[in-house]
Amino acid sequence: MAVGDAPRTPRRAAAPLRTAAWRGLRREIERCERCPLAGTRTHAVVYRGGERPTVVWIGEAPGRAEDLAGRPFVGASGRRLDRAIADLGLGPEEFGIVNLVKCRPPANRLPRASVVACRPYLERQLHLLDPRFVITLGRHALSELVPGAGPITRVAGCELVWNGRPLVPLLHPAAILHNPVLAPRWADDLRRLGRVLDRVLRQTL
Ligand code: SF4
């Protein structure tokens with residue numbers, strides 16, 4: 001979809017967030033003690049977005065603002081992400097946001113063991129949400145979803161495949177905040193993403 005264009009997505013019958021399976025999964029995550037991050041979290045951070053998302057964004061882990069709010073991407077990175085979502089023309093019901101890891105890692109360093117321990121929750125979320133299109137944010141989310149895809153700096157903005165559906169990796173919004181020289185690359189990747197999204201969503205009408 002060209003940046004700024006209105007979305008064209010048909011509605012689906014099921015509303016995953018209203019199912020008993022989703023509510024049970026949320027409760028399980030909120031009580032989870034599978035890894036040491038359970039001991040330092042304020043809130044487990046499960047999901048933000050619509051009940052029938054066409055597009056699911058996958059980040060890495062909650063930061064401080066997310067840990068306090070219990071919602072993904074609500075800090076400075078989230079504001080950048082929300083601008084990108086608006087520029088792509090995705091309405092509030094058309095996207096969802098999840099993370100690889102549901103609890104905040106101390107010092108924002110992502111422990112590999114926690115990624116592994118938390119992976120089944122991500123799988124179950126994606127199974128229930130069943131998005132048509134997936135976007136990963138940052139190198140960790142990319143390497144988890146498409147192992148062997150190559151360095152994020154090389155493939156950001158390119159169309160890849162995950163479980164038979166299109167996936168486009170992007171740099172993590174936090175990387176743009178920490179390194180503003182990457183802002184033009186971010187904008188360019190978003191334009192490429194918009195074109196892929198437009199083509200894919202038109203094909204499914
Ligand atoms: S990060 Fe995932 S596996 Fe670890 S305690 Fe939180 S929900 Fe459980």
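Heavy atoms only: backbone and side chains are in, while hydrogens, waters and symmetry mates are out. Remember, it's 1-based here, ligands and their atoms both numbered in the order they're listed.
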Next item on the list: Taking all heavy atoms of Pro62 and all of Asn99, pick out the closest pair and write down the distance.
Entry: N-ND2, 3.7 Å
Checklist line | Nearest heavy atoms of Leu37 and Arg104, plus distance in Å | finding: CD2-O, 3.9 Å
Next item on the list: Look at atom 6 (Fe) of ligand 1 and say which protein heavy atom is nearest, naming residue and atom and giving the distance to 0.1 Å.
Entry: Cys103 SG, 2.3 Å
Notebook entry, point to check: Charged N to carboxylate O under 4.0 angstrom, Arg185 versus Asp189?
Noted result: yes
Note to self: Between Arg199 and Glu159, does any side-chain N to carboxylate O distance fall below 4.0 Å?
What the structure shows: yes
Notebook entry, point to check: Looking only at heavy atoms, is any part of Ala38 under 4.0 Å from ligand 1, and if so is it the side chain, the backbone, or both, or is it neither?
Noted result: both
Notebook entry, point to check: Is there an N/O/S atom in Cys32 at a distance below 2.8 Å from atom 2 (Fe) of ligand 1?
Noted result: no
Margin query: Taking 4.0 angstrom as the limit and counting only heavy atoms of Arg41, give me the atoms of ligand 1 inside it, by number and element.
Written below: 5 (S), 6 (Fe)
Notebook entry, point to check: Heavy-atom distance to atom 1 (S) of ligand 1: which of Val101, Asn99, Thr40 wins?
Noted result: Val101
Next item on the list: Answer with yes or no after comparing the ring centroid distance for Tyr47 and Trp22 against a 6.0 Å cut-off, counting only values under it.
Entry: yes
Check: Among Arg34, Arg31, Arg104, whose heavy atom sits nearest atom 3 (S) of ligand 1?
Finding: Arg34
Next item on the list: Do me a favour and list the nearest non-hydrogen protein atom to atom 4 (Fe) of ligand 1 with residue, atom name and distance?
Entry: Cys35 SG, 2.4 Å
Check: Looking only at protein heavy atoms, which one is nearest to atom 2 (Fe) of ligand 1, and how far off is it?
Finding: Cys118 SG, 2.3 Å
Notebook entry, point to check: In a check of side-chain hydrogen bond (donor to acceptor under 3.5 Å, both in side chains) between Glu123 and each of Gln125, Arg119, His127, which one passes?
Noted result: Arg119
